[in-house]
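Have a look at the structure below before the remarks.
Proteins get letters first, then strands, A, B, ... in listed order; numbering begins at 1 in each. Source: prediction; values computed, not measured.
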Amino acid sequence: MPELPEVEVVRSGLAAAVGGRRIDRVTVLHPRPVRRHTPGPDDFAGTLAGRTFAVPRRRGKYLWLPFDDGDALMAHLGMSGQFRLDAPGSPLPPQCRVVFTFADDGDELRFADQRMFGGLWLSAGGADLPDEVAHIARDLFDPELDRSALVADIRRRRSGIKRVLLNQTVVSGIGNIYADESLWRARVHYETPADGLSRARTVALLDAATEVMAEALAQGGTSFDALYVNVNGSSGYFGRSLSVYGREGLPCLRCGRPVAREPFMNRSSYLCRACQRKR
DNA sequence: ACTATATCCTGTATGC
DNA sequence: TGCATACAGGATATAG
């Protein structure tokens with residue numbers, strides 16, 4: 001599932017692939033991915049034609065592609081969204097939802113999304129910070145993040161720490177996979193009340209999250225097509241680097257005890273019950 | 001204001 | 001073989 005590292009790989013791939021290029025035509029093959037464009041699919045296609053992309057930006061899992069006119073194309077990959085570059089006229093996969101062709105003769109940009117939790121829409125005046133992203137907290141790679149304020153915010157909350165890590169208005173970019181990886185690395189049980197964590201443990205947890213995602217980013221940037229995000233979560237994109245997520249029954253890489261999987265928020269939490277004890 | 005849950009969506013895997 | 005169900009989990013609307 002695309003979380004911060006995957007979205008950043010896509011962002012940097014798009015910067016190289018579409019920055020400075022002028023859109024010729026947009027074709028919407030399925031209306032659902034443009035549902036957040038309230039004037040509708042036809043307006044979406046019409047209003048984007050003729051615009052020129054600037055440098056794509058990101059906050060957490062939100063991605064936006066500014067145009068040189070001050071508006072921006074918003075993009076969220078959701079669960080299964082992908083951007084692909086392909087030769088015009090080459091066969092379209094069945095999950096392809098939107099196609100952008102360019103005024104030059106280069107590859108066309110395709111947005112594919114199997115489950116269609118993702119979306120594309122125009123944000124008027126959104127080139128700098130779109131309104132739709134204003135409620136999203138800064139992520140752990142944002143140079144303007146105030147880490148001590150974040151630590152204080154986390155330690156005020158009464159939810160379990162994993163819920164807090166997944167709350168994009170507290171800190172953005174972390175999803176189910178990197179939450180579990182971070183908690184394992186910092187040896188924190190996912191149900192630990194956030195307001196019961198010491199300052200030092202909270203700092204260590206954020207450091208772990210930063211490390212885990214930086215390592216994933218380093219791997220993803222070098223070993224895969226930069227514009228491809230695998231849909232298949234546990235066996236997918238950064239699967240080789242995962243220490244606990246998806247490893248139910250396999251030995252904990254630290255202590256050898258079997259990794260457990262527990263139901264959590266209509267999904268799963270993976271943890272080592274020996275390394276990550278409730279306190 | 002904060003917290004928790006239901007919902008959307010479809011391909012794949014599994015059980016009977 | 002075929003049908004039913006579980007599962008994957010982003011963000012958001014709604015309820016408490």
How is A:Asp113 classified with respect to the nucleic acid when contacts are heavy atoms under 4.0 Å: base, sugar-phosphate, or nothing?
-> nothing

Contact class for A:Arg163 (heavy atom, under 4.0 Å): base, sugar-phosphate, or nothing?
-> base

Find out whether A:Glu3 and A:Ile177 are in side-chain contact, i.e. whether some heavy atom of one side chain is under 4.5 Å from a heavy atom of the other.
-> yes

A:Ser80 side chain vs A:Arg115 backbone, donor-acceptor pair below 3.5 Å = yes

Judged by atom type as modelled, is there a donor-acceptor pair below 3.5 Å linking the side chain of A:Arg257 to the main-chain atoms of A:Arg273?
-> no

Can you tell me if A:Asn176 uses its side chain to pair, donor with acceptor, with the backbone of A:Ser268 under 3.5 Å?
-> yes

Given protein heavy atoms under 4.0 Å, the one-letter contact record of nucleotides 10-16 of chain C, with B base, S sugar-phosphate only and - none, is simply BBS----

Can you name the atoms? Protein N/O to nucleotides 4-7 of chain C N/O, anything below 3.5 Å, with the distance.
none

Within a strict 4.5 Å, meaning less than it, do heavy atoms of the A:Phe83 and A:Asp113 side chains meet?
-> no

Can you name the side-chain contact (heavy atoms from CB on, under 4.5 Å) partners of A:Arg57, sequence neighbours left out?
-> A:Trp64, A:Pro66, A:Asp128

Taking A:Asp207 as the fixed residue, which of A:Arg147, A:Arg201, A:Arg185 is the one that meets the salt bridge (charged side-chain N to carboxylate O under 4.0 Å, His left out) rule?
-> A:Arg147

Between the side chains of A:Arg110 and A:Ser90, is a donor N or O closer than 3.5 angstrom to an acceptor N or O?
-> yes

List the atom of A:Pro56, the atom of A:Arg11, and the distance in Å for their closest heavy-atom pair.
-> O-NH1, 3.0 Å

Residues forming a ring-ring contact (aromatic ring centres under 6.0 Å, His included) with A:Phe264, sequence neighbours excluded | A:Tyr190

Establish, for the pair A:Arg51 and A:Phe67, whether the NZ or CZ atom is under 6.0 angstrom from the six-membered ring centre and no further than 45 degrees off its axis.
-> yes

Any chance you could encode DNA chain C as dot-bracket? Rule is Watson-Crick or G-U wobble with both distances under 3.5 Å; [ ] for pairs crossing earlier ones, | for another strand.
-> .|||||||||||||||

When you list every nucleotide of DNA chain B with an atom under 4.0 Å from a heavy atom of chain A, which one comes first 5' to 3', and which comes last?
-> B:dT3 to B:dG11

